[in-house]
Structures are given as structure tokens and as C-alpha cells.
Chemist: 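Attaching a single structure in C-alpha cells format; questions to follow.
Nothing fancy with the numbering, it's 1 onward along the sequence. What you see is a predicted model, and the numbers here were worked out from it, not measured in a lab.
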Amino acid sequence: MQAMGARVSPVAVTDARARRHRARVGAKNGGAVDNTQLLEEHDACGVGFIASLKGERTHKTVKDSLMAVGCMEHRGACSADNDSGDGVGVMTHIPWKLLDKWCAANGISGFSEGSSAVGMVMLPTDGAKAAEAKKILEASCVAEGLKVLGWRAVPVDNSVVGPLAKMTCPVHEQILVDGAGLEREELERKLFIARKTCEKSASSDAVLAESFYICTLSSRTIVYKGMLRSAVLGKFYKDLEDPDYESQFSIYHRRFSTNTTPKWPLSQPMRFLGHNGEINTLQGNLNWMASKEADMENPIWGGREPEFRPICNPAASDSANLDRVAELLVRTGRAPAETMMLLVPEAHRNHPELDATFPEVHDFYDYYAGMQEAWDGPALLVFSDGKQLGARLDRNGLRPARFWRTSDDYIYVASEVGVLGDVMSNASNVVSKGRLGPGMMIYADLETGEFKENTEIAKEVSARLPYGEWMKAIDRVKGIEPIGATQLDPIQLIECQARAGYAAEDITMIIESMASDAIEPTWSMGDDTPMPVLSGRPRLLYDYFKQRFAQVTNPAIDPLREGLVMSLAMTLGAKGNLLDTQGKETPPVMLDSPVLFDSELEHIKNHPKLKTQTIAARYAAGGAAGALKAGLDKLCEEAAAAIRAGSECIVITDRPDQGPDSPAIPSLLAVGTVHHYLIAQGLRTRASIVVESASAFSTHHIATLVGFGAHAVCPWLALETCRSWRKSPKVETAIQRGKMGDVSVEGVQVNFKNALNKGLKKILSKMGISLITSYQGAQIFECYGLGPEVINTAFKGTVSRIGGLTMDEVAAETHMFVQSAFPGEAEEMAKVEARGMFQVKPGLEYHGNNQEMSKLLHKAVGLGGGEKNDEFWSAYQAHRNDRPYTCLRDQLEIKSDRQPISVDEVESVADICTRFCTGGMSLGAISQECHESIAIAMNRIGGKSNSGEGGEDPKRFETITDATADGKSETFPYLRGMENGDVASSAIKQVASGRFGVTTSFLMSANQTEIKVAQGAKPGEGGQLPGKKVSPYIAWLRRSKAGVPLISPPPHHDIYSIEDLAQLIYDLHMVNKNSKVSVKLVSQAGIGTVASGVAKANADIIQISGGDGGTGASPLSSIKHCGGPLEMGLVESHRTLVENGLRERVVLRADGGCRSGLDVIQTALMGADEYGFGTVAMIATGCVMARICHTNNCPVGVASQREELRARFPGAPSDLVNFFMYAAQEVREILAQMGYRSLDEIIGRNDLLSQIDKAPAKTSSLDLSFLTTSSGEAGASSDRIAQPVHNDGIVLDDKILSDPEVQKCIETEGTYTKKVEIVNVDRCATARVAGQIAKKYGDNGFAGSLTLDIEGSSGQSFGAFVVGGLKVRLVGEANDYVAKSMSGGEIAIMPPPNSPFAPESASIAGNACLYGATGGQVFISGRAGERFAVRNSLGEAVVEGTGDHCCEYMTGGCVVAIGKVGRNVGAGMTGGIGYFLDEDGTFESKVNGEIVAMQRVITPAGEAQLKGLISAHAEKTNSPKAKAILADWANYLPKFWQLVPPSEANTPEATNDVKAGVEATA
Ligand code: SF4
């Protein structure tokens, strides 16, 4: 990385210390966890272990682990000084030999293995404080009956510590204690209690709480760790390089933290485990642990459990908290393997291998599901208690984990291969190589030398207790049909709907739509209505909460194609005692889903074991102050009394027939309040909460209710609405006329529930959560517009940074709904009122984008290449700037500290325009005409257009020279207003999760490359281009098939964590070293920490988008309920980057509802250097805001691929040019008013913003000080923009390209072979060579032949971006992302010739190989990992086995697997063909048959394709398996299956009866 003048302000460090101290003190109070704290720390890393199975203790093991961690430096990161590592460490056995020697030399007696223990301690640098800390620890040990033998100063070399780490570098000492006479496990427990009591005593002192930390205190293990880089760990801790330091095992870890504030203790390994990844479910885990710890006890602790509570600490990292829980379980007597299985459960359902080998394991997992919610998220966990050692991978398999075993009985596990020894010379010693698949574990017993793999471990653990017997008693509430009869008459129904807050459009567009189609409705063009707290109209309480979503530091997961790892199963009844290691009674009820029909709720109400109590949630009518609060208090007391009386289930109801005729407490408020009250009373885990709610009708409503504590929800009024709708004459008529399927009354309710279930899974998946039990009570939302009184009562710990409504104001808003149900005396409502939430309707809710505004803008810019009009621009400006309060910046005003100046003194329009960009709108979502017009316009003004996802036609990369005087060009005949010198290439090329059209030449044509991590309309979700928008041209650009829908997966399959993002940034810098890399994020609380991580990951630009933007099609609930305001995300990002000394490294770009020069000024003051315009750019070129973009029927050809509609496209490049000229001029005028001469002078000056005096209608408690408080000095914006592209120094490719023969070969299209050696730190090898060829010849135009003959262990992304004419041969092994975005050429990988293992049984390539390949051939003589050929569109490959999800999302090309594959093959595969050798008859159970069909190879063309590829494989790799198949072809051919998606069904490879003119189908 480049050094960018890094610095950290001492103030920031002090603040961070204070925050952490507050967090520790706060954590002691029990109750709800403050989620704000959780946003400050994210990490991902490299991890592994080495162990001797023969029990050898050697120094070599320690030395090798130092070497291994040294080879994973790229998986970690450094602070802003580029020298202070985020953390590195090792866990080993206690080095008895070294310490015995030291004790002897220092006259300490009594120290001996078996009875003694060592504490590795970080102490304050202040001598007096250190002495105090030592005294506390000694006292704690003595109190446990342990004898303190002495203290040893750990020899360290401070000179190798980086400057920032040095500021907080503690003193390192070891305490030596003895517990002679104690049984070993008893000794470990005493040490555990001593450590906990010591920590508690020290926590009341701010200095000690911050700088006194016990890494380990154990009689077996010890951890040496610190804020260091890998290379200096052994230098810093001199012990580690002492030959007397011997151990049988070593766990090593290198950390990448998104936070730059130095934290020595958060380095890893922890006391029990080391973790590579991120726990997505952390908020729920911490909340539930806080709730249930009061009930966690075991006689082994002799009643001392309160001494180690609280168990978790929100100020610590996810890894540290998981470690705390795991350590406690192990110390209580659970085996390490069992502990990991119940904390990080495998996705055991839909698992053919487990079903076949050990189905009983389901009972184990089901038994613990109700007691312990999963710690879920990407995780490679290596763990040890000193006796046993193991590794566990998360249920999704989102982290790489490779292991290998040597002939001298050593076992190695690592995040990547190549970290130890030379693969070539060491080849004959490696007897096996494997990888951990999703949810898998391996385990070694250090005492017996036993080594076990997953199934064996699962069998052993599951057989310990009679889980199967116990689970027979559970009631699974199956087969209860919804009721058929309506329960309310039409008038009652409407009245109930109005009181509950339904709007007419909610009923028609959401409830009826879901009842009819069983999916959530789709919408487009983002959310341009006012925020609920700013709107003058009533909004449901649910609307004040935004769903959180995963971005960068953790991945969203895929509910669509990888739904097999997800579950909505929920248990009802008391949770039980996690510390009881001998079992308990089974929970009474297990539900498939938290959504209940009325009939199911009735069953639960009458369940004998649950002893359910129903409580009405109502408050006194009349609007008296405090009435709502009083109602809540009464509700809480009734719930607590019921539980104390033995109820295990509370139903909170708002049914009108239950309780008094007074207003209902909003369900969400009722649930949250009762949930927190019960936590405070220590009663929460003794009963479930079920809600019977009138107001819950959408996926977001159910998600918020569950997220704030409900176990299940019965949306009784929505179900009644479904029944009533189905029985209505309009539906009967529609069915009779065949316009709708004949679904029964019960059927529409089933549809509605299915839609809610699908939507719920989607909401969970956005946060990377697989199980509803991990989501329940996790409060994974942020609040905009509720004040502290409401938050502290019902939503304690939820992030809420702008204040807002009081409890009485919530009551007043609720009353607005109640009133609407009674419009006037003697008046009956014919239907519920509309509120205009989705479409613009006169007199209803305001929309920022509306027809009047588009008309004014069209006239202002002279739509169609006409003259611009100042009068209309003024009208447009007034329309924008005088709008009702819509977003937070409308509550701000600019208060300059200078006198106005003449506008002539302000920087020019041209200068300002260079900071303008357009949003990433893909060609496909919008038309060719619109896309190209926008690109030309932006190039004319020196701004930047953004390609969006989907590639670009290479003709656009050339400058236009054939424009005629009347603005026509033969190259672009469909465009108007062309000029010679125009360029239609987008300056910013987007790389999104689909990787459609991301070829090497596309990337080489970029000035900037944008990684779209999230999009404003639906952050955390993937994209979808409907089949009807995939015209032949779009299909050609995207390397797919016309008419077949193109679905982008929700996660980026190569961005599972911050370190993966760093790798992708590295990849893009590698292929095109002249292109800056930007990362697009969406605003939410915690984005500052994410932005810091992205800056550390070497991005050049960070784009912050508002959650209300987006132009494409999205689920309606995603548009409305996910993603935060631009203002909050922008200020937080800017401020955090400034605080961390990282601001100067990156350009900040803001994008979200910008429509004018005023928006530019406001976002500039908040810290933005550049400004993105999305929807308004479409409006300026012709959009009339019809909002049917997703239908392909856009009336003006802006967002359609239909020829006849595209012909109507009215726009010309000059329209957009005119808009930007106006906007830039407006910027100049405002700057002049402010007395400033340039944007440079005001960027980051949010002290010039202040909140206006006029409060919104609903509350006077809005507090925008977060936005108006100064963020500190930020340097000059134009300097940041002018920075050169960040570079990575000299890499392997530069050395290859420096060979004159290579250059000659490329220049002359000659032939040349070059030998190259490679090690794992050589990442993305060959990409830059490929880039140079593509720049000159395109992806497949190079007629020469350049062969790179490579030996060794390659780093990640080997062979990425390879192009035609480039042949890459690797003898050795490779890591993840082999052949990523390969565009042509050839890659062959094979093990060293003297390897003793059979290639088809050994993993020699990692995960996500061929991701987004658009061409070329790959041959791998060995196995590869998960998601092989994901999003491959034209590449061909032969491999000898893969992990799960092979061929996922494939849209073209061909894959041949001649060895075993994992499950979920062909998920989302819409194109291309797969051939799979099935020797054991298990393949069929592994196929995801949603899209693909499977058949034997029945056509000559299919056989020729298969045989041709296997022959090529044998030739390129010398594969014994391929040769054996070819030698016995007749026998092998019938054992192959062919996977055929519908789009390939009519091809010669798939059928002998090809029909002419038959089109592909989805
Ligand atoms: S005019 Fe076209 S682009 Fe604009 S909102 Fe309507 S359908 Fe979408």
C-alpha cells in the first residue's frame, strides 16, 4: 500500500478508549446489548494450525507456524501507519522446557508440568498501575487456593513495533502459579474463575479496564499475540525463536480489522479458538446470551456462576465473544467438538451424505436448536483446549480451509495452501490433501493421536445422549389447515383495517398480490417519499425501522439458490439451561415457520405443556398523556405474572374481541416492551412470545416483530383480508374468466404465508443469517425517528441517532389511524383510504420524482437536443428546493461564516463538472439509446458515467469520427445530437456480483472500476433482469441466452469478508494498473468502520449511496425498508476516515437522490468529493416517471429493450449536458453566496450546516447534531482526486513482462515459453500479462502463443483474466478463484509428478474457480472447492471433483467433473452443459433440479463434446483418471450424467431432435 501521510489524532484514540471503557462497564449491567458498540469492530483473517499426531513436542512446530503466518500477511492488514499490524499470534502448549530453565535460573521452585499454570498478561505501562493489576491477579489466584510462584518479564523487542501500535503497547509478563494437589480439570476451572474475578475487579478502574488483559491463564495452553505484522511476531516475542520453546501443536492467526484503533487484546488466537471470518448473528447471540445467562448453571461451578457473568462483552469482537461462550462450555465439561457442533451447527437438513450415513445427527441439532441459536456467518474456526485440536467451517462454507497430512504424521490446516514449505521438493512427503466443506469439522486428539473427520465426529457426539428418544415428544404442529370462513362483516373488516393502519394500496399491492402470486410484489425507481418522521401523514411504527444488511465485512447469503442452508424453524417453550451437560426435557413445540394461521395459533393457545396465556395489548382512549406508557406497564406486569405462574407461552393480542374497546398498542411496541421487561426480570428464556397482530401484513412487519423478540406471529387481519378478497365478486369473476387460477380460500392464505416465508428468508439472508432462531430478538434494525423514551422502553440497544417521537407522540400518530376508521357521524367507510405511498397521486403523499418535476426538467434542458431554458430551470429549482421535508438534509440550512462574493470569483462550471458522475444503471435495465447518450454526455463534460452491470459493446471504446452536421453517426445510427470527438464508453466500469460481460478487454477500457457491494434500492440482495429484457444484443453482451432471465446472486461470490474485498481490489489493480478501483456501499450505521476497512483494503474511491435510491426493479419491501439515509452514511464515513487517519487515502463519492446544485453543496459540506446522479439523469434524457421500468414497457424507451419503444427515446446527450451545466452553475451561485471560491474549501465543513428552527409536524425532538458536528480537518479534496492509482509494488507479472522475449512475443504475435516459479504470496498471477495482451488485441484477437510454465503453490486468483493466446500451466497447487473472469486461453493445473496421492482424491484448487469466466479452457487434475464455475458464461473446464454448488448460476460453457461432487449442483444454472461421472450412484441426490434436467449422454454431439474435453484433459495434465476413462470409454460413458438447462434442451449436445426456430426458455 502507499503511504498517504497517515496519522491518528490522540483525541480519537482517547475517545475510543473511553467508549470501550463505557462498554465494559455497561456490559456488566446485564439486559439488552447496545448494538452501537457492535458496529465498531469487524475482522477477517488468515488462520491455521500444525500438530504432531505422534505427540512430538518440537521447536520446529513453532517455527513452522511463524513461517506459515508470515505467508498470510496479505490476509491481514495494518493501521494507517502501514506498519502496525492489526494483529498476529500463536497458541501453543506451554513451553515447559523454556520456562523450567528460566525458573531454575531465577530460583523459582515448584513450577512443574501437571500442577502448574502460566498466565500470559498484558499490563499497563504505568508502573504503579501495573503493580496494582498484578496484585489483583495474584489475589484472585490465591482466593482460588492457587500459589503464586512468581512473575516473569516476557523478553520482547519493542523496536519492531509499528508507531501506532507502540502508542498502546502494553508490558508483557507471565504469572507462574501452582495448583498442586488439584485434579487437572479442577485446576483449569479454578484458573478460569480466577481470571474472571480478576477481570471484574479490574474493570472498575478505567486505566486497568483498558490496558490490563490476560491473554491466557492455563495449565496447558498459552497465547503470544499482539498488534504486529506476521513477519515480526517472532522478533517481538524472543521466546518464540528460542529453540527451547517446544510444542506439540501451534495455532496461528493473522488479523484484518476494519477498525484502525490499536487493540492489542483483540489479536488472535483467543483463549480457545482462532477465527477467520465474521459472525453475522452476533447481535442476536449477545442479546440471547444476556437474556439466558441467569438460567445457565451447573453443579460443577458450585453456585459461582454469577462470578463469570456477563459472559459476553459487546465491546469485544465477534471472535472474542464466541471464544468466551465456547470456553465456558468446555470448562463446564462439554467436549470441544460437541461445543463447536452446538454453537456452529451444520446445515444438516437436505444433506444426502448425512442422511445416508448417520441420520440420527438431526436429533442432536434439533434438540439444541431451541436452546442455543447458531453463531452463524463465515467462519473457519480452529480451536484447542490443549488436549484436543480441531477446525470447523461454517454451514455455508464461506471461508477457505485446506488441510494436508504428511508421512511423518503431522496434520496441517490453513486458510490457504503454500504457506509451508516448497510444494515441489516436499511433494513425496504429503500423503493426502483435503478441504473442509460447509459445516465440516476435523479433529485430532493430541493425547491419543486419533484423527477424525466430520461424520465420525458427528456420530460420536450425537450418540452421547438419547436425543432421538427425547425428540419424539416434540409437537411439530403439522397439517393444520387455515380456516375457510370469514370472521368479520365487510364494514367491520374495513374498520379494523383502518384502525390497524392499512392504506388502500397496502391491500391491493401487497396483501392481495401475495395472496395471488405467493411472492412479494416488485417495484422500481427507489423510495422517494418523505422519511416517516418528516412526513405529515401517519405511518406504521414498523416504518421507522430499517433492516440492516451485510456489506463487505460479512456476506449476504443466497436464499434463492443456496436456500438449503436456511431454516425458519422455531421452537416454543422455555429455552433450558445450556450449561446442563446431561440434557433436559425437550421443548414442547417446534414450528416450521414463525408465521401462523389462526388455526395454528388456536392449537398453540390450547397446548397443554405450553400453558399459554393470552393478554390484550390495549391502552386507555382519550389521548391523555402517559396513557400508552401505562398500557405498556400493565401489559408487562400481566406477562410476568403469567410466566411466574408457569406459562411457557404468552400471546399478545390486538383482536377487537379480546380485551376492552380501547385503542390497541402497536404490536411492535408491545412485543419490544414485553421482551425487554422480561429480560430485565430474568424471565425471558422461560416463555415464548407470540403476537396476534392486526397491523402485521408485510414481510418487513413480521421481520421486525420477530427481530424484536416475537417467536411467532399470527397476522390475523391480513389473513382475514385474504379470505374476504378471495370471496369477493371481483375475484370470483376473474377466476371464471380465466384471468386468475382457481385458488381456494385456504389456498390464498397458504400463498400469503409462503410469500411471507420467502420474504423472511430474504431479509435474513441480507444480513448473512441462515436461521430464524439467530435472527429472533437480534434487533438487526436501525431506527430513524423514535426518541430515547420509546427506544429505551421497547427497543433498548437499537441504533437510533436522530431522536424523534416520544411515547405520547407515538400515541398521537396511532390515534390518526383510529380516527380514520371513523370519518364522521353516520358515515360508513366504503373502503380504506389511499395514502399514495407507492404511486404519485394528487393530494396524497409527496414523491421527490414526479411528473410535474420531470416536465419542468424536460423543458429546462430542451429535451431532444433543443435549447435550454433558464425560466424553466428556475421553476425546476424552486420545485426541488421548496419541496416538503423529504430527507434529512431538508431540515438543514447553510450558515456560512463568510460574506458573499461575486460568482465570477468562484471556480468554473467545467471544474465542477469533473466531480459529477452518473449512477450505475446497466445496459439491459435501461436501453442502449439512453445508456449511450448518458455516457457521451458525461464524457463531454469531463464527468464520469457508470456502465452498471452487464458489460459494454467494444465499439464504444473508440472515439466517434463519423458524425455528420445534423448529429447523425453511422456507428450509432439510433442516437441523435452526435459530435465528432464523442466517446460512448463509460468511464467507470462496474463489476457486480453477476459478473455479466466482465471481460479482460472491458476492464482494460476502464478509467475506473467500480465494485458494487450493495445497491441503494435493495442493499444485501442480488439483481434480476427479466427474460423479456434479455434481447439478443443484451444476451451477446452478457455472454448469455436471449429470453433467459439473468439473476445476479445476492453475495459477491468472491467477497465474503474484508480480506476477500482486498483481494478483489488487488485483482482489479493487477489486471489494469491504470484504473482506479472504487467500492460502492450503501448507508447504514457502522458504515464508517466498513469504509475504514475498504480504505485499508487499498480502494481508491469509496462511494456512499443512500438507501432510498436505485432505479431498477426490486421487491417493494426492500425498496421501502432497507438502507439508511445518505446523509448519515456520508457523515459517518467521512468522520471515521478522518479519525482513523485514512481520509487522505480515498475519494468519497456520494449518491442518493441528488437532483440539483443545492444537493451538491449539502453533500460536499458533509464530506463528499464527488457527486452521483441517478434517476434525475434518466429524467433529463426523457423518463416521464411512469414507474413501470421492470415491465419492459417503458413508454418513452428509456428503460425498455423493445425496438418499437426504444424508437421513441426522446433524449440526446446535450440534454444531460445542459442539466449538469445548470447544476454546476447553481453550485457556483451558492458558493458565491457562502463567500467561498471552490468546493475544495467547503468539503467536510459540516460545521457550516445547522438544523432549521421549524420542526416537522410529528415531533419537535428531532436531533440532527450528528450531521452538523464538525468532523475535523480533512485535507484538500482535489489532492485526493488527483492521486495516482494505488499500487501494489512490483509483482510477479511485472517480472514476467520485463522479459524482452515476452514483450517481443506479445508485440509480434510470436511464440514463446517462459518458466516461472511461484509461491502463495504471488496473487492474481498472469492477470497483468493478460491485461497487456487484451489492451492490444482484445480478449481473443492475439494470434501468437505465450506459454507460462509455472511451478509451485500459487496465491489466490491464479490465472484470473487469462485471454486467448495465453497458455498457463501450473505444476503444484492453487488457492481460491482460479481462472476468475477468464476471457480466453488455457489453464492446466496438476500436482507434482512424485505426489503419492491419487489426484482425484486430493484438493489442488480452491473455491469459486472460473467465477464469471467468459471464455477459455481450464483443466485441473485434482479436486476443487465450493462453487466451481459459479457464474461461468462461456468457459470450459474439466475437474476431478468439486465441493458444493458446482455450476451455480452458470449461463453458458461446459463443465466436466470426473470425480465426486458436493450437493446443490446446477442451482440457478440457466445455460451451458455439465457432465458428471457418477461411479457410486449418488449424483442424483446432489442435483438442484429447480431449473436443470439430468439425462445420460444420448447424442453423438454430447459424446463428442465430453470425450473431446476429457482427451484434452489427459493431454494437458497427464491425468491418470482421464486416461483410465478414455481407455475404457464404453464402460464409463453410461456412468456420466448430463445436466441440461431448458435453454440448452434444443441443442445437438442434448437432443437428437433439434427443432428449428425453437427459442430458449427459462
Ligand atoms: S418513463 Fe420509463 S424509465 Fe421512467 S419510470 Fe417510466 S418506465 Fe421507468
Side-chain angles (χ1 to χ4, degrees), residues 856-857 860-861 868-883 887-917 940-943 1126-1127 1130-1131 1134 1147-1151 1153-1173 1176 1180 1216-1253 1267-1268 1270-1271 1273-1282:
L856 289 172
L857 185 57
V861 300
K868 56 183 184 169
N869 183 306
D870 296 349
E871 215 174 297
F872 279 107
W873 174 256
S874 299
Y876 169 84
Q877 262 182 314
H879 186 276
R880 151 64 187 93
N881 297 344
D882 301 339
R883 68 186 176 189
C887 49
L888 292 180
R889 57 185 181 271
D890 295 343
Q891 278 275 306
L892 299 175
E893 61 187 342
I894 300 164
K895 284 205 171 152
S896 186
D897 52 0
R898 294 188 186 173
Q899 292 302 310
I901 56 174
S902 159
V903 76
D904 299 333
E905 295 179 48
V906 178
E907 67 178 317
S908 68
V909 161
D911 284 346
I912 292 167
C913 280
T914 60
R915 293 175 184 262
F916 291 160
C917 312
R940 279 188 198 168
I941 66 167
L1126 167 66
E1127 296 88 344
L1130 176 58
V1131 168
H1134 172 69
V1147 170
L1148 265 188
R1149 184 178 292 156
D1151 153 29
C1154 285
R1155 296 180 182 87
S1156 71
L1158 177 61
D1159 290 310
V1160 171
I1161 292 287
Q1162 286 175 320
T1163 47
L1165 290 166
M1166 294 179 206
D1169 300 303
E1170 294 187 343
Y1171 316 96
F1173 296 75
V1176 78
L1216 195 55
V1217 170
N1218 288 345
F1219 168 76
F1220 281 119
M1221 294 294 153
Y1222 275 133
Q1225 180 59 23
E1226 188 184 346
V1227 169
R1228 296 182 77 219
E1229 286 161 9
I1230 300 173
L1231 280 172
Q1233 274 300 314
M1234 293 171 67
Y1236 284 85
R1237 288 175 176 75
S1238 68
L1239 283 168
D1240 250 359
E1241 294 178 332
I1242 66 156
I1243 287 169
R1245 291 288 311 276
N1246 51 352
D1247 56 305
L1248 301 180
L1249 288 168
S1250 63
Q1251 191 168 350
I1252 60 173
D1253 287 337
L1267 300 179
T1268 56
S1270 172
S1271 301
E1273 286 287 315
S1277 167
S1278 51
D1279 290 350
R1280 290 190 285 273
I1281 294 174

Chemist: What I'd like to find out is whether the side chain of D1151 reaches to under 4.5 Å of the side chain of L1126, using heavy atoms alone.
Modeler: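 No. Closest side-chain heavy atoms not under 4.5 Å.
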
Chemist: With distance as the sole criterion, is a donor-acceptor pair present between the side chains of S1270 and D1247 under 3.5 Å?
Modeler: no

Chemist: Nearest heavy-atom pair of C913 and F1220: which atoms, and what distance?
Modeler: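 For C913 versus F1220, the nearest heavy atoms are SG-O, 4.0 Å.
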
Chemist: Is the side chain of E907 donor-acceptor paired with the backbone N or O of L1239 at a distance under 3.5 Å, no angle test?
Modeler: yes

Chemist: Is it true that a side-chain atom of D1159 and a backbone atom of C1154 form a donor plus acceptor pair closer than 3.5 Å?
Modeler: no

Chemist: Would you say the side-chain atoms of E1127 pair up with the backbone N or O of R889, donor to acceptor, closer than 3.5 Å?
Modeler: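 The answer is yes, because a donor-acceptor pair under 3.5 Å joins these two groups.
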
Chemist: Side chains of V861 and L1216, heavy atoms from C-beta outward: is any pair under 4.5 Å?
Modeler: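 With C-beta onward as the side chain, the pair stays apart.
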
Chemist: Against L892, only a single residue in L1165, N1246, L1249 fulfils side-chain contact (heavy atoms from CB on, under 4.5 Å); can you say which?
Modeler: L1249

Chemist: Given 3.5 Å as the limit, does a donor-acceptor pair link the side chain of Y1222 with the main chain of G1157, or not?
Modeler: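 No; judged by distance alone, with no hydrogens or angles, the pair does not exist.
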
Chemist: For Q1233 and E1229, which I'm curious about, is there any donor-acceptor pair between the side chains at under 3.5 Å?
Modeler: no

Chemist: Under a 3.5 Å distance rule, please check whether E1226 uses its side chain to pair with a backbone N or O of L1158 as donor and acceptor.
Modeler: yes

Chemist: Using 4.0 Å as the upper bound for N to carboxylate O, is an ion pair formed by D1240 and R915?
Modeler: yes

Chemist: Strictly distance-based, threshold 3.5 Å: is any side-chain N or O of E1241 a donor or acceptor partner for the main-chain N or O of Y1236?
Modeler: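 Flag not set: sc E1241 to bb Y1236 has no pair under 3.5 Å.
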
